[in-house]
Amino acid sequence: MTCGHNAVNPYLWGLIFLSVLILVFAGCDKKDSETGLEGPGQAAVSSKTTEGEKGGISSLIKAAKEQQVNYIETGDLRDIKKRGTIRFVNLTGASENMLPRDSVVSLRHFDLANKLADQLKIEAKWIKAKNPNEAIEMLIAGEADVIAYNLTVTDSRKEIIDFSIPIRQSRLLLITGAGGPDISDVNKLKNVELIVPEGTANIETAERLAADNPDANLTVKELSILGNRDGLIDMLNQNDNQVAILEDFSAEDLRNYRDDVRIGAVVSDMQNIAWGMRKPNKQLQSTVDNFLTRNLVKGQEERITDWKGIKKSGVIRLLTYNGPTTYFLWKGLLMGFDYDLAKAFADKHKLQLQVIVVPYEENLADWLRAGRGDFAGAELNITSAYEAQGMVFTIPFLEAEDQVVSGKGYPPVKQIQDLNGRKLTLRAYSSFIETAETLRDAGIDVDVRVAPPDMSQSQILSLIADGLVDATIVDSGRAKIEASVQPNLVLGALIGDPQPQGWLVLRQNWHLLKNLNKFLQSYQKTAQYKKQYAAYFEPNKRFMQRVSTRIMPGGNLSPYDDLVKESAFKYEFDWRMIVAQMWQESNFNPKAVSPVGAQGLMQVMPATAEEMGFPPPLFEPERGIKAGVKYMDWVRDRFNPSLPTVNKLWFTLASYNAGYGHLLDAQRLAKQLGLDPDVWFDNVEVAMLKLAQPQYFKRARYGYVRGSEPVQYVRNISNLYKAYVEMMSDEVTITSPLNQSSEDFCSPQNTPEGSIVKVSPP
């Protein structure tokens, strides 16, 4: 028996169904475009700009959609995360680049906000406000979650919203056009109209100037600028009696590319610039503060400079990957063959070594070309492939052969011919891809696959040890270490002759290259080099224990992470910084006692602990941590709120170690010496060192201090803190990739079929 509808051509049914769908979606689109509204979880797109269209926007900025979101949410971070979106509001929207070119942080607000959303694993949505006051109204009403903008911190605003830590500071300046009035002194202003951006805190300064100078006939006008600073300057040049009041960074930004702008007198005290959040969203504020602190501490401008510039900065930057032969963390110790050599080079030239850990999915060479480091190294075979890109290698300081590594569940690869019919999974961006291609071209029937870019060499080897991947190629030194840690790995055939390895430098930085080569040539003859080589490439049991217990991304930094997080959250510190300090104080030993009687994990003096409400003893971990973090908070509150965030952190650490009084002495001495009393590194720390000398400490209020101790204390903690940030980059605990399902990785069942993924350079 046949149903009647079968008589209709099935293709006709399909056409009817498709037509209905088109009509439905067309109606929805029309409705959205007419109303500008959207359903929950959807966005009405008002603009979309590609990276190419943005022109000067940093390559770090993703193409984005300016989105309007029509729901109300006034909850804290937990409620925001439930929605899966975080709404940022500023005056330019998501797709414009009207922010200053030069910034305290290396990433602009837009970049930082999107990066924060990525780390929280929620979607960033952007809303555009007409002015700061409208942005604040939207925030309070629950129409936005964070004001990601240069928002001036004022007493009146602090009554209605909370602010993040200051991300920069500014003063207000007078500016005018080329033919405008004399603005060199406020007292010279006569019959002038003061222009301020509408809805900004600048109006308070303008009204104060008018009130303080009643005979000058000053009038005040608010102007809706909507991010169009150039329009403001054009207007000033058309009227010879108008003067605008702008932040110093905006004024300097305009002068960088316009020659019809004149900058005059300062008309305000230093002001803090921060992000804004609703009251009292404690969890969101703490998360944002820690995120911004980490980025300010890590912040290093992209620079391509010569040796003279490096020496002037006092910092040299090594680009590398995390790995047991390159750079890794064991408890509070920084280790790795490349790290040890780079540290010895930096010490020789009295430079501070900054290690920049490149994400596995990124290419070291790309970061070097972008100016994010001065030299790069991580088991790099010296090849000519980089020369066309303007890079050269140092002389070799190591040699290693390429070696096949397989698992015990597969037949061993004793000779190259044993690779016939086998699958090789290789690290992206590695020279081993070229090795595998050569084998295949020589007639070896091997299936060559490239792992996802974000997978490390150690992860590939762990998959092999677990029987999920057949085999790979690594250098022989790395293979020996990994096989010692993971017994299920089987070392196989060596391929080719030993390959020299070195560091990568930009060709134009010839002076740095010359100094690196000179150092490597002499250092390789020393007993220290031989000792380090033996430690990493002829590992003993003690070293292997360190490698096997090294800190992995997403793992614990200490046995006391949860206790530290609780206290750090309460007092608004980044818990990673507290862990770094705890290692420096006690090496994670809760029973530690110093020669002068300080106790516990945070080495708090008994009398100080008593004042903080924690009578000794402090050997119980929770008690010791709470006393130490509360004391840190007490010390931090002694400093001027206008002190830049990062320097306040370093001053707090120095005071914790040496005492608040000695820090004040060092600040006063720094000012007398012509140094900046509000900057720790290379300024106040210099003065602190001098307070150990009689000619200086005799005139200091708090007298002698062993200045080298707080100086080294802050440097050690800052370096370890930066390293911890690389390992633990988010408030939320990150699950280690090795603990995930094998389907996430390049397993034999899940590896893409086909030819090798080409990467450049190999």
Side-chain angles (χ1 to χ4, degrees), residues 328-335 535 540-552 554-636 649-650 652-660 662 705-706 708-725 727-728 733:
F328 68 93
L329 271 164
W330 178 74
K331 295 185 178 180
L333 298 179
L334 306 179
M335 303 181 70
N540 56 35
K541 183 178 180 181
R542 182 183 179 190
F543 176 78
M544 297 317 302
Q545 287 175 339
R546 291 183 174 184
V547 170
S548 62
T549 57
R550 67 188 186 274
I551 296 172
M552 300 296 288
N556 287 333
L557 299 180
S558 79
Y560 311 104
D561 285 4
D562 290 340
L563 294 176
V564 172
K565 288 177 185 178
E566 181 182 348
S567 289
F569 177 77
K570 180 177 180 179
Y571 294 105
E572 299 180 356
F573 285 104
D574 188 338
W575 70 274
R576 299 153 192 79
M577 192 279 295
I578 299 296
V579 173
Q581 183 186 14
M582 187 167 60
W583 169 260
Q584 179 67 28
E585 290 287 356
S586 66
N587 289 2
F588 302 153
N589 177 12
K591 303 297 183 183
V593 179
S594 76
V596 294
Q599 298 178 357
L601 288 166
M602 296 291 287
Q603 290 290 278
V604 183
M605 293 296 291
T608 301
E610 186 114 32
E611 291 178 12
M612 295 296 106
F614 296 92
L618 301 173
F619 302 125
E620 196 274 317
E622 183 175 8
R623 191 175 183 80
I625 290 169
K626 285 183 175 180
V629 178
K630 186 174 182 180
Y631 180 53
M632 278 283 289
D633 179 60
W634 183 89
V635 172
R636 182 178 57 185
L649 177 60
W650 306 144
T652 301
L653 287 170
S655 300
Y656 188 98
N657 178 262
Y660 178 65
H662 291 305
V705 62
R706 198 158 44 196
S708 59
E709 288 190 7
V711 167
Q712 195 59 46
Y713 180 84
V714 175
R715 283 194 177 268
N716 289 348
I717 293 174
S718 67
N719 288 334
L720 187 54
Y721 175 34
K722 292 171 187 175
Y724 281 167
V725 165
M727 292 292 178
M728 302 288 286
T733 300

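Between the CD atom in Glu620 and the NZ atom in Lys626 there is a gap of 8.5 Å [rounded to 0.5 Å]. Here the straight-line distance linking atom CZ of Arg715 with atom CH2 of Trp650 works out to 10.5 Å at 0.5 Å rounding. Remark: Tyr724 OH to Asn719 CG distance equals 12.0 Å, nearest 0.5 Å.
Judged as a ring-ring contact (aromatic ring centres under 6.0 Å, His included), and not counting sequence neighbours, Phe569 has no contacts. Remark: Tyr656 pairs with Tyr631 by the ring-ring contact (aromatic ring centres under 6.0 Å, His included) rule, at least two apart or across chains.
Residues Phe619 and Pro590 form no side-chain contact, since every pair of their non-hydrogen atoms from C-beta on lies 4.5 Å or further apart. Residues Val604 and Glu585 have side chains not in contact (no heavy-atom distance under 4.5 Å, counting atoms from C-beta outward). Within the 4.5 Å cutoff, the side chain of Val579 has no heavy atoms near those of the Tyr721 side chain. Here the side chains of Met577 and Leu649 are in contact, with some heavy-atom distance below 4.5 Å. Taking 4.5 Å as the limit, every side-chain heavy atom of Pro616 sits out of range of all side-chain heavy atoms of Arg623.
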Residues Trp583, Leu557; criterion side-chain contact (heavy atoms from CB on, under 4.5 Å); working and verdict: CA-CA 10 Å; Trp583 169 260; Leu557 299 180; over 6 Å; no
Apply side-chain contact (heavy atoms from CB on, under 4.5 Å) to Leu653 and Met632, showing your working. CA-CA 8 Å; Leu653 287 170; Met632 278 283 289; 3.8 Å; yes
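For the pair Ala568 and Ile578, the tightest heavy-atom approach, listed with the atom from each and the gap, is CB-CG1, 4.4 Å. Shortest non-hydrogen contact noted between Phe588 and Pro559 is CD1-CD, 4.2 Å. Looking at every heavy atom in both residues, Ser586 comes nearest to Leu601 through OG-O, 2.8 Å. Here the closest heavy-atom approach between residue Ala658 and residue His662 is recorded as O-CD2, 3.0 Å. The shortest non-hydrogen separation linking Met605 to Val596 is CE-O, 3.4 Å.
In this model, a donor atom of one side chain and an acceptor atom of the other lie less than 3.5 Å apart for Ser558 and Asp561.
Using a 4.0 Å cut-off between charged nitrogen and carboxylate oxygen, Asp633 and Lys630 do not count as a salt-bridge pair.
Side-chain atoms of Asn587 never come within 3.5 Å of backbone atoms of Asn589 as a donor-acceptor pair (strictly under, hydrogens ignored). Counting only distance, with no hydrogens or angles, the side chain of Gln599 and the backbone of Leu618 share a donor-acceptor pair below 3.5 Å. A donor-acceptor pair under 3.5 Å is absent between the side-chain atoms of Ser567 and the main chain of Val564, judged by distance alone.
Within the structure, side chain to side chain donor-acceptor pair (under 3.5 Å) pairs that include any residue of residues 602-615 do not occur (at least two apart or interchain).
Just one of Met582, Lys722, Gln581, Gln712 meets the side chain to side chain contact (heavy atoms under 4.5 Å, CB included) condition when paired with Ile717; it is Gln581.
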